[in-house]
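Sequence lines set the chain letters: A, B, ... in the order given, protein chains first and strands last, and positions in each chain run from 1. Just so you know, these numbers come straight off a predicted model, no measurement behind them.
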2 protein chains.
Amino acid sequence: MLSRASKYAILSTLYLAEHASKEKKMSVKAIAGSINVPSPFLAKLFQQLVKCNIISSTKGPNGGFFLTEENEKKTVIDIIEEIDGTNKIDDCFLGLAKCDGNNPCPVHFIVEPFKRKIFGKFRDQTIKEFADEVEAQGSVLFLSGLEKKK
Amino acid sequence: MLSRASKYAILSTLYLAEHASKEKKMSVKAIAGSINVPSPFLAKLFQQLVKCNIISSTKGPNGGFFLTEENEKKTVIDIIEEIDGTNKIDDCFLGLAKCDGNNPCPVHFIVEPFKRKIFGKFRDQTIKEFADEVEAQGSVLFLSGLEKKK
DNA sequence: ATATTAAAGGATAAAAAGGTCTTTTAATAA
DNA sequence: TTATTAAAAGACCTTTTTATCCTTTAATAT
């Protein structure tokens with residue numbers, strides 16, 4: 001459903017929202033190390049995210065990545081659409097080119113409500129809101145290994 | 001979530017259940033043509049499915065693929081596990097290596113009920129039962145294009 | 001100003017997934 | 001028993017995805 005690339009992008013953007021700020025920018029390496037993602041790959045993804053204004057960066061000493069208030073208003077759907085492309089998000093679970101209520105695949109009516117729910121959340125919650133919820137609920141953002149001490 | 005290969009395998013097995021029988025075997029080409037799947041690729045998948053006794057085949061004139069009563073008792077999960085491997089089915093939506101109630105990814109509690117529902121169905125319904133339901137509900141099995149006339 | 005730091009950019013490599021083709025084997029109809 | 005048919009087997013090829021590396025550019029601390 002989601003490519004590994006967009007999973008990385010989502011997790012690291014949420015991580016940025018939680019741990020970085022204009023005053024405390026984070027380097028690719030630090031983030032990649034924290035959430036356990038290959039850093040050169042993440043660097044590429046971040047280039048893309050900066051270009052489309054989902055995250056921000058500055059170069060040089062004390063440079064790094066962070067979110068502006070504008071960035072914080074973006075959504076997870078924005079990330080997915082940027083990385084995976086608009087079209088792929090809503091693909092039929094069984095691969096039918098045209099799958100809808102009139103033309104349902106064998107699991108359409110099970111998958112539909114789930115999609116509605118998760119993409120609704122991804123669309124309606126800002127990154128900031130999402131990150132706050134993640135923090136409040138103690139959700140996990142690192143792919144593997146043990147949590148890094150704060 | 002599912003590879004294209006296992007999507008093809010599921011759709012074509014359901015198609016077999018509905019349209020083929022010991023008396024009326026179907027060739028790869030016929031099936032591939034009907035559901036709009038590349039036939040050499042489907043041929044490879046069918047080899048695998050025959051080996052693990054999910055579908056059956058005979059060679060020669062009037063040969064082809066069909067389901068025995070034993071085959072009909074297999075499940076969609078059996079197909080997925082054979083094609084994609086046991087492990088991949090239940091992967092975390094956001095790619096966490098270890099994602100569960102104690103260690104939830106940010107969308108765990110949305111994804112969990114969906115997985116429970118769809119994999120429950122895939123596990124508990126036999127291919128035969130599933131195919132009958134598909135037929136009763138008029139679900140679509142062809143990937144693209146128009147339905148072939150019977 | 002200059003050295004240093006960290007992102008940007010571009011080129012490439014490795015791996016996985018998806019897809020094709022040709023030869024061999026086995027069943028059967030004639 | 002032979003020609004024919006259709007699957008089995010195995011070798012390839014292509015595209016996409018994932019991942020790495022090296023050079024350039026731009027901040028900034030000194």
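Between the side chain of A:Lys44 and the base of C:dG9, a donor-acceptor pair under 3.5 Å is found.
Between A:Ser39 and D:dT20 there is no side-chain N or O to OP1 or OP2 distance below 4.0 Å. At the phosphate of D:dA19, OP1 or OP2 sits under 4.0 Å from a side-chain N or O atom of A:Tyr8. Checking the phosphate oxygens (OP1, OP2) of D:dA6, no side-chain nitrogen or oxygen of B:Thr58 falls inside 4.0 Å. For C:dA29, the OP1/OP2 oxygens have a side-chain nitrogen or oxygen of B:Asn62 closer than 4.0 Å.
The listed nucleotides are C:dA27, D:dA6, C:dA17; the one nearest the side chain of B:Pro61 is C:dA27. Closest to the B:Ala5 side chain, of the nucleotides C:dG18, D:dA8, C:dG9, is C:dG18. Of all nucleotides listed (D:dA8, C:dG18, D:dT20), D:dT20 comes nearest to the side chain of A:Phe41. Closest to the side chain of B:Ser27, out of D:dA6, C:dA7, C:dG9, is D:dA6. When the nucleotides C:dC21, C:dG9, D:dT18 are ranked by their closest atom to the side chain of A:Lys51, C:dG9 comes out on top. With distances taken from any side-chain atom of B:Arg4 to the nucleotides C:dG18, D:dA19, D:dA7, the minimum falls on C:dG18.
Only one option out of A:Phe142, A:Tyr15, A:Phe41 pairs with A:Tyr8 in a ring pair (Phe, Tyr, Trp, His ring centres under 6.0 Å); it is A:Phe41.
Distance, B:Ile55 CD1 to D:dA6 C1': 14 Å, rounded to whole Å. In this structure, CD1 of B:Ile31 is placed 12 Å from C1' of D:dA6, rounded to the nearest angstrom. Taking atom CG of residue A:Leu45 and atom P of nucleotide C:dA7, one finds them 14 Å apart after rounding to whole Å. Distance, B:Gln47 CD to C:dT24 P: 16 Å, rounded to whole Å. Distance NZ (B:Lys29) to P (D:dT5): 12 Å, rounded to an integer number of Å. Protein atom NZ of B:Lys59 is 18 Å distant from nucleotide atom C1' of C:dA29, rounded to whole Å. Across the protein-nucleic acid pair, B:Lys25 atom NZ and C:dA27 atom C1' stand 9 Å apart, rounded to whole Å. B:Asn36 has its CG atom 12 Å from the P atom of C:dG19, to the nearest Å.
Judged by the 6.0 Å and 45° rule, A:Lys25 forms a cation-pi pair with A:Phe66. In this structure, A:Lys121 is positioned above the aromatic face of A:Phe130, its NZ or CZ under 6.0 Å from the six-membered ring centre and within 45° of the axis.
Taking both residues in full, the closest heavy atoms of A:Ala9 and A:Thr13 are given as O-OG1, 2.7 Å, listed atom of the first, atom of the second, then distance. What you find for A:Ala20 and A:Met26 is that their closest heavy atoms are CB-CG, 3.7 Å.
Of the two residues near DNA chain D, B:Val50 and A:Asp84, the one whose nearest nucleotide lies more 5' is B:Val50.
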